[in-house]
Visitor: 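My questions will all concern the structure given below.
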Protein chains: 2
Amino acid sequence: MRHTYREVEQCATKVALNLISGKWKPIIFFHLSSGAMRFTELWREIPRVSKKVLLEQLRQLESAGLVERTVQNGFPPEVTYQLTHKGAELAPILYRLDQWAMRHIEGVVQIS
Amino acid sequence: MRHTYREVEQCATKVALNLISGKWKPIIFFHLSSGAMRFTELWREIPRVSKKVLLEQLRQLESAGLVERTVQNGFPPEVTYQLTHKGAELAPILYRLDQWAMRHIEGVVQIS
DNA sequence: CGGTATCCTGGACGATACTG
DNA sequence: CAGTATCGTCCAGGATACCG
C-alpha cells in the first residue's frame, strides 16, 4: 500500500465517505442498485424513515451526483430515482465493504 | 433495538460504514496504515482535533476491533496505536474508495 | 403521489482546564 | 505524555401536519 498522499489527498477517502454516510444512504443505495424506483416504492422498503428525511438523503445523493431524479408528467405525479454512472461505479466498492463486514461481524448487530 | 445479523444483511455495508464514519476516523486510519504511532505523534498530524475527541475516535476504532492500543510501562507513559489485522484488511478497500474519489472529485475539495 | 413547513431532541464534536 | 472532567454548541434526524 502506498502512502504518498498529500494534505488534501489524504482526505479523499473522507470526502467519499461523507457522500454515502447519511443514516439511510447505504440502504437507499442498496435498493437503487437493483434499478430505478419511485419515491413511495422506496419509502415502503425503508419504513422507519420519515418522508422528509428520506427526501433529504435523496437530495444529498443527487447533489453528490450519485443518484438521478426523473419526473414523468401527469397526475398523480411519478418520480423515479436511479443511480448515475458515477454512483454505479461505487457499487463494487461498497460490495467489497459488505464482504469485509460479513467476514468480521458475526452474530448480533446493533441497528438504529 | 437488537436484531440478528440475518435481518439486516442489507445493512452490512452500513454497519461497516458506521465503524469508520467518525469525523476523524478516516484520517486516523490513513496515518495508522503507515504503522504504529504514539498518541501525541498522531495528534500532531491532526492538529484540528481536541485531545478529547481524538481519544474518543480512537476508543471507538479500538472497540470496533480496527485499532489496537499498547501501553509501555514507565514515565513518561508511552502508548501506541496500530491497526489490527481486521483493520488492515480494510485498507485496500478504503484505497479503492480513495481512487474512486480521485476520479470523480475534481478541483478544490472541502476539508473540515 | 411526492412533496413542504414547523418544531423538537439527542448526541457528536469542540474549548478549556486539570491530573497521575 | 496521555489522558479526565466540564460545559457548551450545532445540526442531523425525527414527529407531525399540510399542500398541488
Side-chain angles (χ1 to χ4, degrees), chain A residues 11 14-32 35-64 66-82 110-112, chain B residues 1 8 11 14-15 17-29 31-32 35-64 66-82 110-112:
Chain A
C11 305
K14 182 183 168 189
V15 171
L17 286 172
N18 282 342
L19 300 183
I20 48 174
S21 64
K23 181 163 180 180
W24 304 99
K25 287 178 194 169
I27 293 179
I28 292 172
F29 206 91
F30 168 79
H31 285 294
L32 292 186
M37 290 179 87
R38 299 180 62 164
F39 179 79
T40 305
E41 194 179 354
L42 194 53
W43 194 35
R44 261 196 302 272
E45 298 287 337
I46 314 174
R48 292 156 46 90
V49 220
S50 69
K51 283 195 292 183
K52 190 202 99 180
V53 170
L54 181 55
L55 245 317
E56 281 171 6
Q57 306 268 309
L58 283 168
R59 298 271 190 260
Q60 289 167 22
L61 286 170
E62 199 187 347
S63 67
L66 300 180
V67 160
E68 190 180 8
R69 177 174 174 274
T70 311
V71 187
Q72 276 83 25
N73 293 331
F75 196 92
E78 177 171 351
V79 177
T80 57
Y81 293 89
Q82 59 193 312
Q110 183 86 20
I111 324 185
S112 62
Chain B
M1 184 182 229
V8 277
C11 305
K14 180 183 167 189
V15 171
L17 286 172
N18 283 342
L19 299 184
I20 48 175
S21 65
K23 180 164 182 181
W24 304 100
K25 287 178 195 169
I27 292 180
I28 292 171
F29 206 92
H31 284 293
L32 292 186
M37 290 178 87
R38 299 181 61 163
F39 179 79
T40 305
E41 194 179 354
L42 194 52
W43 194 34
R44 261 195 303 271
E45 298 287 336
I46 314 174
R48 291 156 47 89
V49 221
S50 69
K51 283 195 292 184
K52 190 201 101 183
V53 171
L54 181 55
L55 246 318
E56 280 172 7
Q57 305 268 310
L58 283 168
R59 298 271 190 259
Q60 288 167 22
L61 287 170
E62 198 187 348
S63 68
L66 301 180
V67 161
E68 189 180 8
R69 177 174 174 274
T70 310
V71 187
Q72 276 82 24
N73 293 333
F75 198 90
E78 175 171 352
V79 177
T80 58
Y81 292 90
Q82 60 193 313
Q110 179 92 17
I111 317 187
S112 64

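Keep in mind that the numbers below use all heavy atoms, side chains included, and drop hydrogens, waters and symmetry copies. Just so it is clear: chains get the letters A, B, ... in the order the sequence lines come, proteins before strands, and each one is counted from 1.
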Visitor: To the nearest 0.5 Å, what is the distance between CZ on B/Arg69 and CZ on B/Phe39?
Guide: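 Those atoms lie 10.0 Å apart.
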Visitor: Between C/dA12 atom P and B/Ile20 atom CD1, what is the distance in whole Å?
Guide: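 It is 17 Å, rounded to the nearest whole Å.
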Visitor: Rounding to a whole Å, what distance do you find between B/Glu78:CD and D/dA2:P?
Guide: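 In whole Å, D/dA2 P lies 7 Å from B/Glu78 CD.
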Visitor: How large an angle, rounded to 10°, do the end axes of the helix from C/dC1-D/dG20 to C/dG20-D/dC1 enclose when each is built from five base pairs?
Guide: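 The helix from C/dC1-D/dG20 to C/dG20-D/dC1 shows an end-to-end axis angle of 50°.
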Visitor: With sequence neighbours left out, write down each residue that passes salt bridge (Lys or Arg N to Asp or Glu O under 4.0 Å) with B/Lys52, or none if nothing qualifies.
Guide: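 Residues passing salt bridge (Lys or Arg N to Asp or Glu O under 4.0 Å) with B/Lys52: B/Glu56.
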Visitor: Quickly work out the A/Arg69 CZ to C/dG2 P distance and round it to whole Å.
Guide: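 Going from A/Arg69 (CZ) to C/dG2 (P), I get 10 Å.
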Visitor: Using whole Å, what does the distance between atom C1' of nucleotide C/dC13 and atom CG of B/Leu58 come to?
Guide: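 From B/Leu58 CG to C/dC13 C1': 15 Å.
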Visitor: In chain order, what residues pass the salt bridge (Lys or Arg N to Asp or Glu O under 4.0 Å) check against B/Glu78, with sequence neighbours excluded?
Guide: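 With neighbours one apart ignored, the set is B/Arg38.
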Visitor: May I have the distance from B/Asn73 (atom CG) to D/dG3 (atom P), rounded to whole angstrom?
Guide: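 So the two atoms are 13 Å apart, to the nearest Å.
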Visitor: Working to the nearest 0.5 Å, report the span between CG of B/Leu54 and CZ of B/Arg48.
Guide: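 Answer rounded to 0.5 Å: 14.0 Å.
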Visitor: Name all residues meeting the side-chain contact (heavy atoms from CB on, under 4.5 Å) criterion together with B/Thr40; count only those two or more places apart in sequence or in a different chain, and write none if there are none.
Guide: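 Here the qualifying residues are B/Arg44.
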Visitor: Can you tell me the distance, in whole Å, between the CD atom of B/Glu62 and the P atom of D/dA2?
Guide: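 Roughly 14 Å, once rounded to whole Å.
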Visitor: May I ask you to verify if any side-chain N or O of B/Arg38 is less than 4.0 angstrom from the OP1 or OP2 atom of D/dC1?
Guide: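 Answer no for this pair, as no side-chain N or O of B/Arg38 is under 4.0 Å from OP1 or OP2.
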Visitor: Taking only side-chain N and O atoms of B/Tyr81, does any of them lie within less than 4.0 angstrom of OP1 or OP2 on D/dC1?
Guide: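 Answer no for this pair, as no side-chain N or O of B/Tyr81 is under 4.0 Å from OP1 or OP2.
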Visitor: Does a side-chain heavy-atom distance below 4.5 Å link A/Glu62 with A/Leu58?
Guide: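 The answer is no, as the side chains (C-beta and beyond) never meet within the 4.5 Å cut-off.
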Visitor: Figure out the CD/P separation between A/Gln60 and D/dC11, and round it to whole Å.
Guide: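 Going from A/Gln60 (CD) to D/dC11 (P), I get 13 Å.
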Visitor: Could you list the residues that satisfy side chain to side chain donor-acceptor pair (under 3.5 Å) with A/Gln60, not counting sequence neighbours?
Guide: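 With sequence neighbours excluded, A/Gln60 shows a side chain to side chain donor-acceptor pair (under 3.5 Å) to A/Lys25, given in chain and number order.
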Visitor: Between C/dT4, C/dC1, C/dC13, spot the one nearest the side chain of B/Gln57, thanks.
Guide: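 Nearest listed nucleotide: C/dC13.
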Visitor: Just N and O in the side chain of A/Arg59: are any of them under 4.0 Å from OP1 or OP2 of C/dT4?
Guide: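 For C/dT4, OP1/OP2 do have a side-chain N/O of A/Arg59 under 4.0 Å.
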Visitor: What is the separation between atom CD on B/Glu41 and atom C1' on D/dG3, rounded to the nearest whole Å?
Guide: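 To the nearest whole Å, that distance equals 17 Å.
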Visitor: Calculate, to the nearest 0.5 Å, the distance between atoms CD and CG belonging to A/Glu45 and A/Leu32 respectively.
Guide: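 The CD atom of A/Glu45 sits 10.5 Å away from the CG atom of A/Leu32.
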Visitor: Applying side-chain contact (heavy atoms from CB on, under 4.5 Å), can you list everything that pairs with A/Leu19, at least two apart in sequence or on another chain?
Guide: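 Once residues adjacent in sequence are excluded, the partners of A/Leu19 under the side-chain contact (heavy atoms from CB on, under 4.5 Å) criterion are A/Ala64, A/Leu66, B/Trp100.
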Visitor: If a protein heavy atom is under 4.0 Å from the base, mark B; if only from the sugar-phosphate, S; if neither, -; do that for nucleotides 14-20 of chain C going 5' to 3'.
Guide: BB----B
